[in-house]
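Working notes, beginning with the structure itself.
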Amino acid sequence: MTTERGKKIDTVWSGTWVADRLGVRLQEGGDPAAPRLDALLGLALRRNPKRAHLLVSRVLGKHVPQSPEAVYGAGYGLGERVRALLGDGAAAAAVVLGYAETATGLGHCVADGLALAPYLHSTRRPVPGVEPAGGFEEAHSHATSHLLLPEDPELLAGGGPLVLVDDEFSTGNTVLNTIADLHARHPRGHYVVVALVDMRSPADRDRLTAFAEGLGARIDLVALARGTVSLPEGVLAKGQALVEEYETRGAAGDADGPAAVAGSVAGAASGSRSAAESGAGFGSVAGPAAGSVAAVERVALGWPGGLPDGGRHGFAPADRDRLEAALPALAGRIAAALGPEPGRVLVLGNEELMYAPLRLARALEESGAAREVRFSTTTRSPVLAVDDPGYAIRTRLVFPAHDDPADGPGDRYAYNVAGAGFDAVVAVVDGAGDTAALHAPDGLLARLAPHTGRVLLAVVPSYEPAPAPVPAPVPAPVSVPATVPVLDRQEPIMSEPLRGPAFSSYAPEDVGWLLQDFSDVELEAPTEEREEAIQAGGAHYAESLPVEYQPSPAYQELYQSALTASAARIARAVGTVTETVLAERTPSPVLVSLARAGTPVGVLMRRWAWARHGLDLPHYAVSIVRGRGIDTNALRWLAAHHDPADIVFVDGWTGKGAITRELAAALTAFEGFDPEIVVLADPGSCVTTYGTREDFLIPSACLNSTVSGLVSRTVLRSDLVGPADFHGAKFYRELAGADVSVGFVDTVAAHFDEVAEAVDAEVKELLAADRAPTWEGWAAVERISEEYGIHDVNLVKPGVGETTRVLLRRVPWKILAQRGAGADLDHVRLLAEQRGVPVEEVDGLPYTCVGLIHPRFTRGATGADGKAVASK
């Protein structure tokens, strides 16, 4: 083939198959000294309504097995360039941060090239005892939530440069999300973004420039190569047709030649596997026969005690020195296990565990113990495989996750391993991944066995951070349960919750608010100003409040009609979730609702327990903030006054499950609490304890404070909330004339007796059913984010409740409604009409509706459809 520069390449480019069929072209960035893009990237296909093509790195060591020296050298050289940019003084004060899962190894190699700075990578694996030091979302990823879990909580607190490393810089959204989160916690003046390829559009480049100016910080970018992807008209439809054709062929057993289609991605979105993916159909990469287990040879590495297995909790220059000294002996043990003349060897890492396997592979390569050594890793990402030399992903193996991931079970993949002619594969996993699932008949090791002469397993011990020092106990006026978590602050915390009528319109026994009263503080800002500040990274949504929506007479009438129509349905869901809690969780629950959507539900659950069982359950409301976690001082108060094992966290509904994940991550630092939320409605299939999984109108979602005790959403701002304080909220006493909070609860509770028999039958069925979360809502949100060009899951709000919030509190762009949805959406249609927001009916929506916040909002902005914001 011939590139744009006119340089002839003898081998077939691994993007030719896609380029010839779709007309996709990689356009060079104009630097003759940089590597060609076609030397760094191939092309593949995936099921994606917005972008069917996928850039596949040839030097990352993730999807394409590559020489360890080439993989390590690419990252190391970038690190040397960063050191030259910063100078040794600033380099010594820097911190390098890599992105999970794809760039964990690349980031570590950059840190090696920089030499003077510690390294940390984000992770999707919560670790008990390690409190997150930050977090952010990666909208385009299959697993979007990232945690930062440094062992040293001050690692990210310095003012030196922060070096952020990713494999591909396509839009810059992930980097902006990261910098916005960390800059709010620890402002600094210099950021350096590092990537193998910079493929941003001019608009994305301008957005990063404006973002940096808004922060008042310098942001530099270092990449091996720059360019853009040229897409002809109609490429999406052609790409979708190709994916559909080859998925069908792979699943149906269409004999188009040996291994013509090595699997499909059809099951990725739905959570199911086709015959081809599971190893049963034509064109798949089949595993061993059912019931057989691959013969695996274990390699005792002799990993140095206390040496981190990677950068999940931080990796210091001193750790690098220890690893360098140990590598010859580590590689020697692998070479001894391989024996003489092992031929072609693949060292296969595991998802986030990329760096340690890469260094082992490079040391083995340097030793000359094998004729050829290649390196790659397994991954979460599903990609179509087509066996053609001009296609980047020729084969794939599919196997279940084996490290008990926090987001639940799912398929994992190893690409370009089958059919590659490896004489031996050395699978390297960490201790958390060395489970029964790894060794199962359908596990990774068994999937590898038919495609190589030998399978060896090397286990690197999962690093366990040192426990935090235990401070002196906090004096308390009551006895403290044995399961109280270790306190990391010694300041006294507030001793009594706020209660009505002084704070909220609920009766004092209905709920105690573990909050500060900010009623006299000016916190409201116009919706458009808030949205612009939030999306620009200059503010967090919890630092201000939207102006409280005052419903029109027509909307109030609609609310009353909705309540009348759905009260019995809600009562049934309340009964079901309460009885499930009493049967499965604890006979004496302490209800802790997540303010404020969970508060009406907690009040109703409390009333059901009293009406049906005579139980007077304690009920509190606490604050949780996406991206910043739960109010830890509220947790300490709860642990000091109740057994944490009795605490049941309550919310109104699930959307994509972001708060579910937020709570689980926040509670890793506390002992005894059950992190699972119970909800009235779980349309996103994110929890196991719920009243219903239907996405229907819950009237308490129609309004703001006037159906939630006249309490605002919660506020977390550093100038108002000190280290010993609860988060805050406002009590809108002036809205008492419009308050329907108690009326809502009374109306629903009036139906308790009539639904009791149905609740008993439903709970009996649920207790015997498989209620494991499928997270189908999260998958749908990722698809919608890409399909509509938003590229940020935080701007996609699924479900009736979340859509209503978008219309009341954010700058909505459009509403997606399930075709044929009826009265449940009357209030949504009315709000959308009032705000000039289009409602688009669509098929195949797992929710009744989805609200889309305006992407890249500035006042006067236009959306991806070219229409201006219409906000009233």
Side-chain angles (χ1 to χ4, degrees), residues 50 139 524-536 541 545-559 561-562 597 653 655-656 683 695-699 701-704 713 780-781 783-872:
K50 202 65 182 177
E524 289 77 11
T527 300
E528 288 76 14
E529 289 184 12
R530 293 182 76 247
E531 193 65 46
E532 185 172 9
I534 291 168
Q535 292 198 29
Y541 77 90
L545 293 173
V547 177
E548 277 286 303
Y549 169 75
Q550 296 303 300
S552 65
Y555 189 82
Q556 292 182 51
E557 183 178 343
L558 191 151
Y559 162 80
S561 299
W653 54 84
K656 54 182 176 286
D695 183 22
F696 70 97
L697 171 60
I698 301 173
C702 291
L703 301 170
N704 280 331
R713 51 155 305 281
V781 166
R783 174 180 60 79
I784 291 167
S785 174
E786 295 298 308
E787 180 177 350
Y788 284 85
I790 295 173
H791 309 301
D792 185 349
V793 292
N794 292 325
L795 301 183
V796 180
K797 303 295 185 180
V800 177
E802 293 300 306
T803 300
T804 304
R805 286 179 165 187
V806 169
L807 289 163
L808 293 178
R809 304 202 310 230
R810 303 295 292 269
V811 175
W813 176 34
K814 63 176 64 178
I815 305 300
L816 308 182
Q818 194 178 76
R819 195 178 304 279
D824 276 348
L825 291 189
D826 284 350
H827 79 292
V828 168
R829 295 187 183 96
L830 178 58
L831 281 175
E833 180 182 356
Q834 291 176 347
R835 299 204 62 180
V837 179
V839 177
E840 177 182 324
E841 290 199 342
V842 297
D843 295 312
L845 202 65
Y847 298 93
T848 303
C849 61
V850 175
L852 305 183
I853 296 172
H854 197 289
R856 304 175 188 174
F857 175 75
T858 58
R859 282 161 285 183
T862 57
D865 57 359
K867 296 179 180 178
V869 178
S871 182
K872 298 180 181 179

Query raised in the report: Considering all heavy atoms of both residues, which atom of Trp813 and which atom of Tyr788 are nearest to each other, and what is their separation?
Result: CH2-O, 3.6 Å
Query raised in the report: Taking side chain as C-beta onward, heavy atoms only, is Leu816 less than 4.5 Å from Glu840?
Result: yes
Report task. Please name the pair of heavy atoms, one in Cys849 and one in Leu825, separated by the smallest distance, quoted to 0.1 Å. Result -> SG-CD2, 3.5 Å
Query raised in the report: What pair of heavy atoms forms the shortest contact from Pro798 to Val781, and how long is it?
Result: CG-CG2, 3.6 Å
Query raised in the report: Between Lys797 and Thr803, which heavy-atom pair has the shortest distance, and what is it?
Result: O-OG1, 3.5 Å
Requested in this report: Could you tell me whether the side chain of Thr804 and the main chain of Val800 form a donor-acceptor pair under 3.5 Å?
Outcome: yes
**Report entry** Gln818 side, atom CD; Thr848 side, atom OG1 - distance, nearest 0.5 Å
**Finding:** 5.5 Å
Requested in this report: Would you indicate whether the side-chain heavy atoms of Leu807 and Ile815 approach each other to under 4.5 Å?
Outcome: yes
Query raised in the report: Hey, does the side chain of Arg829 reach the backbone of Val839 with a donor-acceptor pair shorter than 3.5 angstrom?
Result: no
Report summary line: Sorted by chain and number, sequence neighbours left out, side chain to side chain donor-acceptor pair (under 3.5 Å) with Glu841 holds for none
Query raised in the report: Looking at Gly799 and Asp695, what are the two nearest heavy atoms and their distance?
Result: CA-OD2, 3.4 Å
Requested in this report: Would you mind reporting whether Leu852 and Val796 have side-chain heavy atoms less than 4.5 Å apart?
Outcome: yes
Report summary line: Residues Val806 and Pro812: closest non-hydrogen pair is CG1-CB, 3.7 Å
